[in-house]
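It should be emphasised that the depicted structure is a prediction, and the values quoted were computed from it without experimental measurement.
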Amino acid sequence: MRLLNGIWQVGGPSLTHLFDATAYLLEGDGEYLLIDCGTPEGYEQIKENVRKTGVNPGRVTKIYATHGHYDHVGAAHLWKEEFGVKLYLHEADRKQVEEGDSEMTSAAILYGTESVPCQVDGLLKEGDLYEAEGLRIEVMHTPGHSKGSLCFDVTRDGYRILFAGDTLWGGYSTKIGSDEGAWRRSLDKITERHYDYYTMGHMNPHLLADADVRLKEAKMAFGNYYNPWFKTFYETYRYG
(Lines give C-alpha, C1' and ligand atoms only; values in the text may rest on other atoms or scores of the structure.)
Protein backbone atom coordinates (compact mmCIF):
# COMPACT_ATOMS: atom_id res chain seq x y z
CA MET A 1 0.00 0.00 0.00
CA ARG A 2 1.35 3.42 -1.00
CA LEU A 3 1.74 5.76 1.99
CA LEU A 4 3.59 8.65 0.33
CA ASN A 5 5.42 9.21 -2.92
CA GLY A 6 8.17 6.59 -2.96
CA ILE A 7 7.11 4.92 0.31
CA TRP A 8 4.95 1.80 0.54
CA GLN A 9 4.00 -0.55 3.36
CA VAL A 10 4.53 -4.08 2.02
CA GLY A 11 4.36 -6.20 5.17
CA GLY A 12 2.42 -6.50 8.40
CA PRO A 13 -0.29 -8.65 9.96
CA SER A 14 -3.13 -7.26 7.82
CA LEU A 15 -1.07 -7.44 4.61
CA THR A 16 0.98 -10.61 4.90
CA HIS A 17 1.38 -13.08 7.79
CA LEU A 18 0.26 -12.73 11.39
CA PHE A 19 3.88 -13.06 12.51
CA ASP A 20 5.14 -10.17 10.36
CA ALA A 21 5.96 -6.79 11.80
CA THR A 22 5.47 -3.85 9.50
CA ALA A 23 7.84 -3.71 6.53
CA TYR A 24 8.31 -0.71 4.25
CA LEU A 25 9.68 -0.23 0.75
CA LEU A 26 11.45 3.08 0.06
CA GLU A 27 12.67 4.36 -3.28
CA GLY A 28 16.30 5.42 -3.02
CA ASP A 29 18.92 6.56 -5.50
CA GLY A 30 18.68 3.98 -8.30
CA GLU A 31 17.75 1.31 -5.75
CA TYR A 32 15.08 0.34 -3.27
CA LEU A 33 15.44 -0.21 0.48
CA LEU A 34 13.36 -2.17 2.95
CA ILE A 35 12.85 -0.98 6.51
CA ASP A 36 12.46 -4.41 8.14
CA CYS A 37 11.51 -7.45 6.08
CA GLY A 38 9.17 -9.70 8.10
CA THR A 39 9.38 -13.44 8.71
CA PRO A 40 9.93 -16.51 6.52
CA GLU A 41 6.20 -17.21 6.90
CA GLY A 42 5.36 -13.93 5.15
CA TYR A 43 8.27 -13.81 2.70
CA GLU A 44 6.46 -14.81 -0.48
CA GLN A 45 3.58 -12.42 0.14
CA ILE A 46 5.91 -9.51 0.93
CA LYS A 47 7.73 -10.18 -2.35
CA GLU A 48 4.38 -10.17 -4.15
CA ASN A 49 3.43 -6.89 -2.47
CA VAL A 50 6.69 -5.37 -3.66
CA ARG A 51 5.79 -6.46 -7.19
CA LYS A 52 2.35 -4.89 -6.83
CA THR A 53 4.02 -1.51 -6.31
CA GLY A 54 5.56 -1.93 -9.76
CA VAL A 55 9.02 -2.72 -8.36
CA ASN A 56 10.94 -5.88 -9.22
CA PRO A 57 12.10 -7.37 -5.86
CA GLY A 58 15.52 -7.81 -7.44
CA ARG A 59 15.94 -4.04 -7.28
CA VAL A 60 15.89 -4.14 -3.47
CA THR A 61 19.51 -3.80 -2.35
CA LYS A 62 19.38 -3.09 1.40
CA ILE A 63 17.40 -3.96 4.50
CA TYR A 64 17.58 -1.36 7.27
CA ALA A 65 16.50 -3.19 10.42
CA THR A 66 14.85 -1.43 13.34
CA HIS A 67 16.19 -4.26 15.51
CA GLY A 68 17.19 -7.90 15.47
CA HIS A 69 13.92 -9.68 16.22
CA TYR A 70 12.34 -12.51 14.24
CA ASP A 71 9.23 -10.61 13.21
CA HIS A 72 11.35 -7.77 11.82
CA VAL A 73 14.33 -9.55 10.21
CA GLY A 74 13.52 -13.26 10.28
CA ALA A 75 13.31 -13.36 6.47
CA ALA A 76 16.56 -11.47 5.88
CA HIS A 77 18.44 -14.66 4.98
CA LEU A 78 15.88 -15.38 2.25
CA TRP A 79 16.29 -11.93 0.73
CA LYS A 80 20.04 -12.45 0.80
CA GLU A 81 19.88 -15.91 -0.76
CA GLU A 82 17.49 -14.99 -3.59
CA PHE A 83 18.50 -11.41 -4.39
CA GLY A 84 21.79 -10.68 -2.61
CA VAL A 85 20.16 -8.03 -0.43
CA LYS A 86 22.44 -6.67 2.30
CA LEU A 87 21.32 -6.49 5.93
CA TYR A 88 22.15 -3.47 8.09
CA LEU A 89 21.43 -3.13 11.80
CA HIS A 90 22.95 -1.88 15.04
CA GLU A 91 26.00 -3.58 16.54
CA ALA A 92 24.19 -4.36 19.80
CA ASP A 93 21.71 -6.69 18.03
CA ARG A 94 24.23 -8.21 15.63
CA LYS A 95 25.29 -11.28 17.59
CA GLN A 96 21.77 -12.66 18.14
CA VAL A 97 20.99 -12.38 14.42
CA GLU A 98 24.25 -13.91 13.21
CA GLU A 99 24.06 -16.77 15.73
CA GLY A 100 20.33 -17.37 15.29
CA ASP A 101 19.68 -16.98 19.02
CA SER A 102 16.01 -17.91 19.09
CA GLU A 103 15.39 -16.47 22.54
CA MET A 104 17.08 -13.10 22.02
CA THR A 105 15.38 -12.72 18.65
CA SER A 106 12.04 -13.63 20.32
CA ALA A 107 11.45 -16.40 17.73
CA ALA A 108 10.98 -19.08 20.38
CA ILE A 109 9.29 -16.88 22.98
CA LEU A 110 6.59 -15.40 20.77
CA TYR A 111 6.43 -17.44 17.59
CA GLY A 112 7.24 -21.00 18.63
CA THR A 113 9.97 -21.35 16.02
CA GLU A 114 13.71 -20.93 15.50
CA SER A 115 15.78 -18.17 13.93
CA VAL A 116 18.07 -18.98 11.02
CA PRO A 117 21.54 -17.46 11.46
CA CYS A 118 22.03 -14.56 9.08
CA GLN A 119 25.20 -12.64 8.29
CA VAL A 120 25.02 -8.89 8.92
CA ASP A 121 26.59 -6.91 6.07
CA GLY A 122 26.83 -3.49 7.64
CA LEU A 123 26.30 -1.67 10.93
CA LEU A 124 24.12 1.36 11.54
CA LYS A 125 24.87 3.88 14.26
CA GLU A 126 23.49 7.13 15.64
CA GLY A 127 23.64 9.91 13.07
CA ASP A 128 24.24 7.80 9.96
CA LEU A 129 22.61 9.31 6.85
CA TYR A 130 21.23 7.93 3.61
CA GLU A 131 20.39 10.63 1.08
CA ALA A 132 18.82 10.44 -2.38
CA GLU A 133 16.71 12.76 -4.47
CA GLY A 134 13.68 13.65 -2.35
CA LEU A 135 14.70 11.23 0.43
CA ARG A 136 16.73 11.57 3.61
CA ILE A 137 17.07 8.84 6.24
CA GLU A 138 18.75 9.59 9.57
CA VAL A 139 19.55 6.74 11.95
CA MET A 140 18.63 7.16 15.62
CA HIS A 141 19.87 4.65 18.21
CA THR A 142 16.90 4.16 20.54
CA PRO A 143 17.68 1.25 22.89
CA GLY A 144 15.15 0.02 25.41
CA HIS A 145 13.04 -2.64 23.73
CA SER A 146 16.30 -4.25 22.66
CA LYS A 147 19.84 -3.02 23.05
CA GLY A 148 20.21 -2.36 19.34
CA SER A 149 16.83 -0.82 18.61
CA LEU A 150 16.84 1.92 15.99
CA CYS A 151 14.39 4.48 14.71
CA PHE A 152 14.62 6.09 11.29
CA ASP A 153 13.96 9.82 10.92
CA VAL A 154 12.82 10.01 7.30
CA THR A 155 12.16 13.12 5.24
CA ARG A 156 10.35 12.54 1.96
CA ASP A 157 9.32 15.44 -0.27
CA GLY A 158 9.18 17.82 2.68
CA TYR A 159 7.29 15.52 5.07
CA ARG A 160 9.09 14.23 8.16
CA ILE A 161 8.16 10.70 9.24
CA LEU A 162 9.36 8.64 12.20
CA PHE A 163 9.73 4.92 11.53
CA ALA A 164 9.74 3.79 15.14
CA GLY A 165 9.82 -0.01 14.98
CA ASP A 166 9.16 -1.39 18.47
CA THR A 167 10.60 1.64 20.26
CA LEU A 168 6.92 2.58 20.46
CA TRP A 169 4.68 0.06 22.19
CA GLY A 170 7.14 -2.81 21.98
CA GLY A 171 7.14 -5.39 24.75
CA TYR A 172 9.48 -5.21 27.73
CA SER A 173 11.37 -8.34 28.77
CA THR A 174 14.77 -8.91 30.32
CA LYS A 175 15.02 -12.05 28.16
CA ILE A 176 15.66 -9.84 25.14
CA GLY A 177 17.76 -7.25 26.95
CA SER A 178 15.10 -4.61 27.56
CA ASP A 179 16.26 -1.69 29.69
CA GLU A 180 13.83 0.77 31.29
CA GLY A 181 16.28 3.61 31.78
CA ALA A 182 17.57 3.41 28.22
CA TRP A 183 14.03 3.19 26.87
CA ARG A 184 12.89 6.31 28.72
CA ARG A 185 15.89 8.21 27.35
CA SER A 186 15.05 7.00 23.86
CA LEU A 187 11.48 8.25 24.17
CA ASP A 188 12.85 11.59 25.38
CA LYS A 189 15.05 11.75 22.29
CA ILE A 190 12.11 11.07 19.97
CA THR A 191 9.82 13.63 21.57
CA GLU A 192 12.44 16.37 21.34
CA ARG A 193 11.94 16.32 17.56
CA HIS A 194 9.06 17.35 15.32
CA TYR A 195 7.36 14.86 13.01
CA ASP A 196 4.48 15.24 10.58
CA TYR A 197 3.70 11.52 10.70
CA TYR A 198 4.92 8.33 12.31
CA THR A 199 4.55 4.61 11.98
CA MET A 200 5.62 1.71 14.18
CA GLY A 201 6.29 -1.99 14.22
CA HIS A 202 2.80 -3.44 14.53
CA MET A 203 0.01 -1.54 12.82
CA ASN A 204 -2.21 -1.51 9.76
CA PRO A 205 -0.99 0.30 6.62
CA HIS A 206 -1.34 4.00 7.26
CA LEU A 207 0.60 6.93 8.67
CA LEU A 208 -0.42 8.46 11.99
CA ALA A 209 -0.85 12.23 11.94
CA ASP A 210 -0.69 14.69 14.87
CA ALA A 211 2.53 12.86 15.54
CA ASP A 212 4.07 15.16 18.17
CA VAL A 213 1.09 14.83 20.54
CA ARG A 214 0.72 11.09 19.99
CA LEU A 215 4.42 10.47 20.60
CA LYS A 216 4.37 12.46 23.85
CA GLU A 217 1.37 10.45 25.03
CA ALA A 218 3.17 7.20 24.17
CA LYS A 219 5.99 8.36 26.45
CA MET A 220 3.54 9.31 29.22
CA ALA A 221 2.03 5.81 29.14
CA PHE A 222 5.34 4.02 29.66
CA GLY A 223 3.84 1.64 32.22
CA ASN A 224 1.97 -0.11 29.40
CA TYR A 225 5.29 -1.29 27.98
CA TYR A 226 5.55 -3.81 30.80
CA ASN A 227 2.63 -5.74 29.34
CA PRO A 228 4.65 -8.68 27.99
CA TRP A 229 3.49 -8.72 24.36
CA PHE A 230 -0.12 -9.48 25.26
CA LYS A 231 -0.31 -13.10 23.94
CA THR A 232 1.90 -15.46 21.99
CA PHE A 233 1.33 -15.42 18.23
CA TYR A 234 1.63 -19.15 17.55
CA GLU A 235 -1.21 -20.31 19.81
CA THR A 236 -4.97 -19.92 19.55
CA TYR A 237 -6.88 -18.45 22.49
CA ARG A 238 -10.51 -19.25 23.11
CA TYR A 239 -11.14 -16.09 25.11
CA GLY A 240 -10.02 -12.62 23.99
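Distance check, rounded to the nearest 0.5 Å: CG of Leu215 to CG of Leu187 gives 9.0 Å. The NZ atom of Lys175 lies 12.0 Å from the OG atom of Ser106; values are rounded to the nearest 0.5 Å. For the atom pair Thr53 OG1 and Asn56 CG, the distance stands at 10.0 Å (nearest 0.5 Å). Once rounded to the nearest 0.5 Å, the distance linking CE of Met140 with CD1 of Ile190 reads 5.5 Å. To the nearest 0.5 Å, atom CG of residue Asp157 and atom CG of residue Asn5 are 5.0 Å apart. Considering CG of Leu162 and SG of Cys151, their distance stands at 5.0 Å, rounded to 0.5 Å.
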Task: Candidate pair Val85 and Thr61, rule side-chain contact (heavy atoms from CB on, under 4.5 Å), full reasoning - done: CA-CA 5 Å; Val85 179; Thr61 60; 5.9 Å; no
Task: Worked check of side-chain contact (heavy atoms from CB on, under 4.5 Å) between Asp210 and Tyr198 - done: CA-CA 9 Å; Asp210 198 15; Tyr198 76 96; over 6 Å; no
Task: Arg51/Glu48 under salt bridge (Lys or Arg N to Asp or Glu O under 4.0 Å): CA gap, chis, key distance, verdict - done: CA-CA 5 Å; Arg51 291 190 184 98; Glu48 180 60 26; 3.7 Å; yes
Task: Stepwise side-chain contact (heavy atoms from CB on, under 4.5 Å) test for Ile35 and Phe152 - done: CA-CA 9 Å; Ile35 294 181; Phe152 299 106; 3.9 Å; yes
Task: side-chain contact (heavy atoms from CB on, under 4.5 Å) between Lys52 and Val50, worked out - done: CA-CA 5 Å; Lys52 287 178 180 178; Val50 170; over 6 Å; no
Task: Thr191/Lys216 under side-chain hydrogen bond (donor to acceptor under 3.5 Å, both in side chains): CA gap, chis, key distance, verdict - done: CA-CA 6 Å; Thr191 54; Lys216 288 177 182 176; over 6 Å; no
Task: Audit row: His145, Trp183, ring-ring contact (aromatic ring centres under 6.0 Å, His included) steps and yes/no - done: CA-CA 7 Å; His145 174 62; Trp183 206 334; 5.7 Å; yes
Open item on the list: Could you walk me through whether Tyr70 and Glu41 satisfy the side-chain hydrogen bond (donor to acceptor under 3.5 Å, both in side chains) test, starting with their C-alpha distance in whole Å, then the side-chain angles of each, then the deciding distance to 0.1 Å, before giving a yes or no?
Closed with: CA-CA 11 Å; Tyr70 182 77; Glu41 290 81 359; 2.7 Å; yes
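The 12-atom threshold is not exceeded at CD of Glu114, counting heavy atoms of other residues, nucleotides or ligands nearer than 6.0 Å. The local environment of CD in Glu81 is crowded, with over 12 non-hydrogen atoms from other residues, nucleotides or ligands closer than 6.0 Å.
Under the 4.0 Å criterion applied to side-chain N and carboxylate O atoms, Asp188 and Arg185 are not assigned as salt-bridge partners. Residues Lys95 and Asp101 are not paired through a salt bridge, judged by the lack of any N-O separation under 4.0 Å between the basic side chain and the carboxylate. Ion pairing of Asp179 with Lys147 is absent here, as no side-chain N (NZ or NE/NH1/NH2) approaches a carboxylate O to less than 4.0 Å. Taking the charged nitrogens against the carboxylate oxygens, Glu138 and Arg136 do have a contact shorter than 4.0 Å, which makes a salt bridge. Taking the charged nitrogens against the carboxylate oxygens, Arg184 and Glu180 do have a contact shorter than 4.0 Å, which makes a salt bridge. Classification of Lys80 and Asp121 as a salt-bridged pair holds, one side-chain N sitting under 4.0 Å from a carboxylate O. Looking at Lys47 and Glu44, a side-chain N of the basic residue comes within less than 4.0 Å of a carboxylate O on the acidic one, giving a salt bridge.
Taking all atoms of both residues into account, the shortest heavy-atom contact from Leu87 to Ala65 is CD1-CB, 4.2 Å. The minimum heavy-atom distance linking Pro57 with Phe83 is given by the pair CB-CZ, 3.7 Å. Considering all non-hydrogen atoms of both residues, His141 and Lys189 come closest at O-NZ, 2.8 Å. In terms of heavy-atom proximity, Thr105 sits nearest to Gly68 at CG2-O, 3.5 Å. Closest non-hydrogen pair, Ser115 versus Ala107, comes out as OG-CB, 3.4 Å. In plain terms, the two heavy atoms of Ile46 and Gly38 that are nearest each other are CD1-CA, 4.1 Å.
Arg193 places a side-chain heavy atom less than 4.5 Å from the side chain of Asp153. Leu135 places a side-chain heavy atom less than 4.5 Å from the side chain of Val154. In this structure the side chain of Leu123 never reaches within 4.5 angstrom of the side chain of Tyr88, judged on heavy atoms. Residues Val10 and Leu34 have side chains in contact (heavy-atom distance under 4.5 Å, counting atoms from C-beta outward). Residues His67 and His90 have side chains not in contact (no heavy-atom distance under 4.5 Å, counting atoms from C-beta outward). In this structure, the side chains of Trp169 and His202 stay at 4.5 Å or more apart for every pair of heavy atoms. Two residues are said to be in side-chain contact when any heavy atoms from C-beta on lie closer than 4.5 Å; Leu78 and Pro40 meet this criterion. Taking 4.5 Å as the limit, some side-chain heavy atom of His69 sits within range of a side-chain heavy atom of Ile176.
Relative orientation of the Tyr64 and Tyr130 rings is perpendicular, given thresholds of 30° and 60° on the angle between their planes.
Looking only at atom types and distance, the side chain of Tyr111 has a donor-acceptor partner in the side chain of Asp71 under 3.5 Å away. Side-chain contact annotation: Asp20 with His72, donor-acceptor N/O pair under 3.5 Å absent. The closest side-chain donor-acceptor pair between Thr142 and Ser186, if any, does not fall under 3.5 angstrom.
A cation-pi arrangement is not found for Arg59 relative to Tyr32, the charged atom failing to lie both closer than 6.0 Å to the ring centre and inside a 45° cone about the ring normal.
The salt bridge (Lys or Arg N to Asp or Glu O under 4.0 Å) check on Glu99 picks up nothing, with sequence neighbours excluded. Applying the salt bridge (Lys or Arg N to Asp or Glu O under 4.0 Å) criterion to Glu91, with sequence neighbours excluded, gives Arg94. Looking at residues two or more places apart in sequence or on another chain, you find a salt bridge (Lys or Arg N to Asp or Glu O under 4.0 Å) between Lys62 and Glu31.
Although no hydrogens or angles enter the test, the distance criterion places a donor-acceptor pair under 3.5 Å between the side chain of Thr22 and the main chain of Met200. Within the 3.5 Å criterion, the main-chain N or O of Asp212 finds no donor-acceptor partner in the side chain of His194. The backbone N or O of Arg160 sits nowhere less than 3.5 Å from a side-chain atom of Thr155 that would complete a donor-acceptor pair.
When each of His17, Glu82, His77 is paired with Tyr43, the side-chain hydrogen bond (donor to acceptor under 3.5 Å, both in side chains) condition holds for Glu82 and for no other. For the side chain to side chain contact (heavy atoms under 4.5 Å, CB included) with Leu89, the lone residue among Val97, Ile63, Leu124, Thr66 that qualifies is Val97.
Linking Ile, Leu, Val, Met, Phe, Trp and Tyr residues whenever their side-chain heavy atoms come within less than 4.5 Å leaves Leu208 and Trp8 in two separate clusters. Put simply, Phe163 and Tyr159 are part of the same group of oily side chains (I, L, V, M, F, W, Y) that touch within less than 4.5 Å, one to the next. A single hydrophobic cluster is seen to contain both Leu4 and Leu26, as judged by linkage of ILVMFWY side chains at heavy-atom distances under 4.5 Å, directly or through other members.
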